[in-house]
Amino acid sequence: DLFVKNFGDDAAPELLISLPGDQQAYDWPTDDIILFESWGSDSWNIWVYDFAADSAYPYLEVEANVTNPKLSPDGRRVAYAQWTQRSPSGIYVRSFPDPRQPELVSATGSHPRWSPDGGTLYYWAGPVAARNLVSAQLRLQPSFAVTATDTILTGSFDASAWDIHPDGDRFIVPAPRSEVGGSGPGGEPEPIRFVVAVNWFEELLTIVGEGR
């Protein structure tokens, strides 16, 4: 089921909608709507919760799994991932609120995010051990097109838990320590350290005693 809760108080969560299967809230772009994923009989679909109508309705139901919906800053397009058990996840864009013809951004990728100006779409592509954060420059008028792509970052990052700052000048993503290293005094990356124990077996004997 789908719930909301006021931030910073102890009030109980408020039930918004109860539907069969699983619901996963994904985007709350305006005060009026929430985009969420709903598990149907055999696939994930994209639904919209409308606060004004106090109800939910399906936005996109196709013969595939459609997930990771993100509304563009101008509210006119939804970027999402589409995949099946036999095909990899790809990135698409459709008009909103009526999902007309899909526009392909990338044949592979997941978890898209819009830039604040709506001219760039970021997404993750590649295997888990070497994911690429890709930026796709978009032309929206007179027709939709991807004009250029660039790889921003590569590593074993968690693509399912990331976001762009509202200013669009930085992003946050979980990363293994091996990807970023620690920080030394002054902010420089801390070098990899190796600790060598000499005569460690003799030291062990002095601790536990002979014959143990």
Side-chain angles (χ1 to χ4, degrees), residues 1-40 44-61 65-81 89 91 93-97 99 109-124 128 131 133-135 152-153 155-187 190:
D1 296 337
L2 199 64
F3 293 81
V4 293
K5 187 181 187 309
N6 291 331
F7 181 77
D9 65 29
D10 296 328
E14 174 190 354
L15 175 65
L16 292 182
I17 196 75
S18 181
L19 295 171
D22 294 330
Q23 325 308 320
Q24 295 186 13
Y26 204 81
D27 193 19
W28 196 341
T30 71
D31 289 340
D32 301 325
I33 62 170
I34 291 176
L35 299 180
F36 66 98
E37 304 168 3
S38 179
W39 176 257
W44 286 102
N45 305 306
I46 298 175
W47 280 55
V48 176
Y49 180 81
D50 185 338
F51 281 90
D54 191 22
S55 63
Y57 61 89
Y59 164 74
L60 186 59
E61 295 178 306
N65 294 286
V66 283
T67 58
N68 314 155
K70 279 289 181 177
L71 187 66
S72 61
D74 64 4
R76 299 175 61 184
R77 298 171 181 85
V78 171
Y80 62 94
S89 177
I91 301 298
V93 169
R94 288 187 189 242
S95 59
F96 185 85
S110 64
H111 300 92
R113 300 287 190 274
W114 292 93
S115 64
D117 64 4
T120 303
L121 193 64
Y122 299 90
Y123 59 91
W124 291 88
V128 174
R131 283 196 174 104
L133 177 57
V134 181
S135 65
I152 306 300
L153 184 67
S156 56
F157 300 101
D158 183 356
S160 66
W162 81 288
D163 208 355
I164 298 174
H165 189 272
D167 292 340
D169 57 359
R170 54 196 182 276
F171 57 87
I172 184 169
V173 58
R177 184 180 297 273
S178 59
E179 294 289 346
V180 295
S183 295
E190 193 173 65

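Only heavy atoms go into these numbers, but all of them, side chains included; no hydrogens, no water, no symmetry mates. If you read the sequence from its start, that first residue is 1, and numbering goes on from there.
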Set of ring-ring contact (aromatic ring centres under 6.0 Å, His included) partners for F96, sequence neighbours left out: Y59
Partner residues of F3 under the ring-ring contact (aromatic ring centres under 6.0 Å, His included) criterion, sequence neighbours left out: none
Mind checking side chain to side chain donor-acceptor pair (under 3.5 Å) for [X] and listing every partner two or more places apart, or none if nothing turns up?
X	value
D32	none
S55	none
R94	Y80

Quick one: side-chain contact (heavy atoms from CB on, under 4.5 Å) partners of [X], sequence neighbours excluded?
X	value
S72	D74, R77, W114
S89	A81, W83, S110
D31	none
D22	W39, W44

Heavy-atom neighbours of D9 CG exceed 12 at 6.0 Å: yes
Over 12 non-hydrogen atoms of neighbours within 6.0 angstrom of CD1 in I152: yes
Donor-acceptor side-chain pairing of T67 and N65 below 3.5 angstrom: no
With D50 via salt bridge (charged side-chain N to carboxylate O under 4.0 Å, His left out) - residues at least two apart: none
All salt bridge (charged side-chain N to carboxylate O under 4.0 Å, His left out) counterparts of D1, not counting sequence neighbours: none
Write down the atom of [X], the atom of [Y], and the distance for their closest heavy-atom approach.
X	Y	result
V66	L60	CG2-O, 3.7 Å
G109	Y123	CA-CD1, 4.1 Å
F36	V48	CE2-C, 3.8 Å

Determine all donor-acceptor pairs shorter than 3.5 Å in which one atom belongs to a side chain in residues 161-169; sequence neighbours excluded.
from : atom 1 : to   : atom 2 : distance (Å)
W162 : NE1    : H111 : O      : 3.2
D163 : OD1    : R113 : NE     : 3.4
H165 : ND1    : D167 : N      : 3.0
H165 : NE2    : R170 : NH2    : 3.3

Contact check, side chains of D27 and I34, non-hydrogen atoms, under 4.5 Å: no
